[in-house]
Amino acid sequence: MPELPEVETTRRGLAPHLQGRRVHGVILRRADLRWPIPPEVAELLPGQRIEDIRRRAKYLLLDTAIGSAVLHLGMSGSLRVLPGDTPLRAHDHVDISLDNGRLLRFNDPRRFGSLLWQPAGEIHPLLQGLGPEPLDAAFDGDYLFARSRGRSAPVKTFLMDQAVVVGVGNIYAAESLFKAGISPLREAGKISRERYQRLADAVKEILGYAITRGGTTLRDFISPDGAPGYFEQELLVYGRDGLPCPNCGRALKHATIGQRASVWCSHCQR
């Protein structure tokens, strides 16, 4: 599933083509994706000016004066801005046509993505109760330390809790814990404030760098221009179980933590 850097890469790629454009029409070739597509998308979006394209967690929001189209890429979704006469491919489920003759096309082979509606002044239920963005100033060691007190869950599970911080998925949690030297198995409530500051710094550094590299491109994800991301080539621990640790050379360990595959170095991460 695309993680935060992939979604942010998509947002940045789409923004110059969408901001300020007026929606000409909406074509829904399916009534649903992961969930039913609300009728407001096709009924209210045409005629509206796209004022901004924002990211919240792994959701993209096309903001207009009357509300926002809320998009999620799911496991295999992609968004591209194309000429209006571009032939259809399999799994091209949604077209949002623009006033300049181009269109935003949503392709999703597995249909785990979503297209929803958020009225102006409201917050969609899926976006309520989310933690801070990991690249915001509010996310730091003090915040993680305070939220972790009394938590007995493994720190990797804690870090991936969307109510604690959004958008730190399995790949980037593993890489951040490795950079911070923290075992993913350690109880969240038993980690010091200083070590949490190292973890917060690692999350920010790794996510920021991954965005500049276009994400990880695992499985199906591609960016709006069709180019793959390149950060996958630089992963230090994720998916490398049994291979030598890049720091000490010992074999990396593997376990399932919170139903997710986890890889770490038992020597370098304590």
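Counting begins at 1 with the first residue of the sequence. Every value quoted in this text rests on a predicted model; they were computed, and no experiment measured them.
No side-chain donor-acceptor contact under 3.5 Å links Ser148 to the backbone of Arg151. Looking at Glu3, its side chain does come within 3.5 Å of a backbone N or O of Gly169 through a donor-acceptor pair. In terms of modelled atom types and a separation under 3.5 Å, the side chain of Asp32 and the main chain of Ile37 share no donor-acceptor contact. Glu175 contributes no side-chain N or O that, together with a main-chain N or O of Ile206, makes up a donor-acceptor pair within less than 3.5 Å. Formation of a donor-acceptor pair under 3.5 Å by the Gln162 side chain with backbone atoms of Gly167 is found in this model. In this structure a side-chain-to-backbone donor-acceptor pair under 3.5 Å is present from Tyr196 to Ala188.
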- Mind running side-chain contact (heavy atoms from CB on, under 4.5 Å) on Asp95 and Val26 for me, showing each step along the way? CA-CA 6 Å; Asp95 281 351; Val26 176; over 6 Å; no

side-chain contact (heavy atoms from CB on, under 4.5 Å) between Arg56 and Leu130, intermediate numbers included:
CA-CA 9 Å; Arg56 180 65 172 119; Leu130 294 176; 3.5 Å; yes

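Here the straight-line distance linking atom CG of Leu144 with atom CD1 of Ile191 works out to 9.0 Å at 0.5 Å rounding. Here the SG-NE2 distance, from Cys265 to His267, works out to 6.5 Å after rounding to the nearest 0.5 Å. Going from atom CG of Leu126 over to atom NZ of Lys58 covers 13.5 Å, rounded to the nearest 0.5 Å. A distance of 9.5 Å separates NE2 in His72 from CZ in Phe106, rounded to the nearest 0.5 Å. If you take CZ on Arg186 and CD on Gln269, they are separated by 11.0 Å, rounding to the nearest 0.5 Å. To the nearest 0.5 Å, the span separating CG on Leu45 from CH2 on Trp117 amounts to 5.0 Å.
Side-chain atoms of Asn107 and Ser78 form no donor-acceptor pair, as typed in the model, at a separation below 3.5 Å. Judged purely by distance below 3.5 Å, without hydrogens or angles, the side chains of Arg147 and Tyr143 pair a donor atom with an acceptor atom. No hydrogens or angles considered: nothing links the side chains of Asp140 and Gln197 as a donor-acceptor pair under 3.5 Å.
Within 6.0 Å of atom NE2 in His17, more than 12 heavy atoms from other residues, nucleotides or ligands are found, so the atom counts as buried in its surroundings.
Here Asp108 does not pair with Arg34 in a salt bridge; the nearest charged N to carboxylate O distance is not below 4.0 Å. Salt-bridge check for Arg29 with Asp92: failed, with every basic side-chain N at 4.0 Å or more from each acidic carboxylate O.
In this structure, Ile211 and Thr9 approach most closely via the heavy-atom pair O-OG1, 3.7 Å.
Criterion: ILVMFWY side-chain heavy atoms under 4.5 Å apart, direct or through other members. Under it, Val155 and Met160 are not part of a common hydrophobic cluster. Hydrophobic clustering (side-chain heavy atoms under 4.5 Å, transitive across Ile, Leu, Val, Met, Phe, Trp, Tyr) groups Ile96 together with Leu18. Clustering ILVMFWY residues whenever any of their side-chain heavy atoms sit less than 4.5 angstrom apart, transitively, puts Leu135 in the very cluster that holds Tyr172. Linking ILVMFWY side-chain heavy atoms closer than 4.5 Å, directly or via other members, places Leu28 and Leu33 in a single hydrophobic cluster. No continuous path of ILVMFWY side-chain contacts below 4.5 Å connects Val70 to Val94, so the two sit in separate hydrophobic clusters.
Screening residues 196-206 for salt bridge (Lys or Arg N to Asp or Glu O under 4.0 Å) gives Lys179-Glu205 as the qualifying pairs, with residues at least two apart or on separate chains. Within the structure, the salt bridge (Lys or Arg N to Asp or Glu O under 4.0 Å) test picks out no pair touching residues 239-264 (sequence neighbours left out).
Ile257 is listed as a side-chain neighbour of Pro154, based on a closest heavy-atom distance under 4.5 Å. In this structure, Leu73 and Phe112 have side chains that are not in contact, with every pair of non-hydrogen atoms separated by 4.5 Å or more. Between Leu252 and Trp264 the shortest side-chain heavy-atom distance does not fall below 4.5 Å. Between Ile53 and Asp63 there is no side-chain heavy-atom pair separated by less than 4.5 Å. Under the 4.5 Å side-chain criterion, counting only non-hydrogen atoms from C-beta, Phe139 is in contact with Val203.
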